[in-house]
Amino acid sequence: MPKWITQVGCPYCGASCDDLEVLVSDDGKRVLETRNACAIGNEIFHHAQSPSRPKLPRMRQPDGSMKEVSYDEAIDYTAKTLLAAKKPLIYGFGSTNCEGMSAVARVAEKGGAVLDNCASICHGPSFLAIFDNGYPSCTLGEAKNRADVVVFWGCNPMHAHPRHTSRYSIFPRGTFTAKGQMTRTIICVDPRETDTAKLADHHLMVKQGHDYDLFDAFRTVLRGHDIPDEVAGIPKKTILDAAKVMKNARFVMIFFGMGCTHTDGRNHNVDIAISLTRDLNAHTKASIMAMRGHYNIAGPGQVWSWQFGFPYCIDLSKGTHAHMNPGETSSIDLAMRGEIDCFVNVGTDAGAHFPIRAVEQLKKHPFITVDPNICMASEISDLHIPVRVVGVEEPGVVYRMDNVPIQFKKVVDGPEGVPSDEELFDRVYERMCELTETEPI
Ligand code: SF4
């Protein structure tokens with residue numbers, strides 16, 4: 001009899017929904033149906049069943065073709081390549097569990113590598129702002145139960161985090177927001193009329209790249225000063241009206257995304273957003289949260305902060321201490337300057353999402369991909385090592401966008417012989433110890 005597994009986590013976006021239900025076949029090997037997931041989440045579970053998924057590592061041959069090799073060969077190649085490199089970069093980790101992140105840290109230390117995650121090209125600027133200015137944040141549960149004014153600034157959850165609005169931010173009925181959407185006023189700040197903007201009560205169509213000016217205008221108004229007739233393409237009256245809505249709220253929740261971190265100003269946009277949140281707390285209660293992208297991209301920030309004291313861009317090449325300086329030790333900067341002589345892509349697709357000039361630089365040296373699926377990175381790699389899919393075939397701890405840890409389940413058996421990220425990196429570490437005749441720690 002097929003059986004329903006409940007309280008399943010979704011391994012896709014930072015909403016990290018943990019209320020999915022998955023129907024699995026009676027032999028426990030196939031996903032038949034899902035409930036509660038959005039279209040993207042549903043696809044993740046079905047895609048894991050794809051017959052075209054690789055089940056053995058594939059190594060690039062002298063004629064350019066890929067040939068299947070054993071896991072022992074792939075592990076040996078990875079260990080030797082990391083040890084031979086002067087400055088390897090191990091990057092990715094948006095889509096794996098904390099156990100895998102912890103295991104790779106030993107490998108990175110042993111290989112004197114730079115360890116970095118997708119925050120580097122995503123919410124890294126938010127980290128810089130948080131280092132400077134603090135993080136007056138809360139959990140998504142508090143947003144659901146208390147927020148009566150919700151601001152989406154430079155983010156579009158209707159497309160990027162499809163169930164965010166129904167689980168946490170617009171529609172759910174919370175303890176002090178019993179009428180759900182009726183209780184909440186939604187403000188959206190975005191240059192485009194996105195599907196999130198269409199749901200908003202106030203859409204401020206900011207001029208692209210002028211977010212800092214608009215944050216500044218809000219702060220000026222909240223402090224009782226005058227502003228020009230128009231700021232960042234928004235008329236003064238619209239700004240005054242929106243500021244009044246925030247000031248009169250019981251609890252303001254600001255969610256921000258790539259519209260702040262990828263545009264002119266970057267970390268300074270987030271810095272001033274945090275200052276605006278602090279200013280609002282002089283009038284009411286206010287909180288701010290980064291719309292983290294992948295289901296466990298908050299994980300490396302947590303795990304590596306415990307292990308090394310830094311969340312990303314961690315240079316372990318000195319051997320004696322960890323060093324972090326985004327701009328110097330961040331993946332794209334290192335790649336563009338040609339400082340990397342071995343690249344390991346884990347649980348991400350740098351082939352698709354890095355600028356092409358960075359990929360060209362990285363491709364001059366050994367390029368290894370660890371990922372369950374065929375992707376652009378796997379197809380330009382010298383070695384592609386398949387692993388189990390976390391949340392589908394492998395359990396583990398993940399951190400939601402509000403840094404709340406969630407235990408994800410395994411729902412079906414993974415392909416026979418295919419290891420998890422944790423098992424794979426433990427074996428790479430053991431091989432590195434054998435090769436260097438050192439004791440494992
Ligand atoms: S909103 Fe995100 S975490 Fe939730 S089901 Fe959709 S993709 Fe998965």
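Indexing begins at 1, ligand by ligand and atom by atom, following the structure's order.
- Relative orientation of the F255 and F152 rings is parallel, given thresholds of 30° and 60° on the angle between their planes.
- Looking only at distances, no side-chain donor or acceptor of T261 sits under 3.5 Å from a matching main-chain atom of H123.
- E21 and R35 are joined by a salt bridge, as a carboxylate oxygen and a charged side-chain nitrogen come within less than 4.0 angstrom of each other.
- Between atom 2 (Fe) of ligand 1 and C13 there is an N/O/S contact shorter than 2.8 Å.
- In this structure, W306 and Y399 have perpendicular ring planes: the angle between them is above 60°, well past the 30° mark.
- Look at C38 and atom 6 (Fe) of ligand 1: an N/O/S atom of the residue is under 2.8 Å from the metal.
- The protein heavy atom nearest to atom 1 (S) of ligand 1 is R163 N, 3.2 Å.
- Ligand 1 places these atoms under 4.0 Å from at least one heavy atom of P162: 1 (S).
- Taking the six-membered ring where the residue is Trp, the centroids of Y295 and F408 are separated by under 6.0 Å.
- Nearest protein heavy-atom contact of atom 8 (Fe) of ligand 1 is C10 SG, 2.2 Å.
- With hydrogens left out, the protein atom closest to atom 4 (Fe) of ligand 1 is C17 SG, 2.3 Å, a heavy atom.
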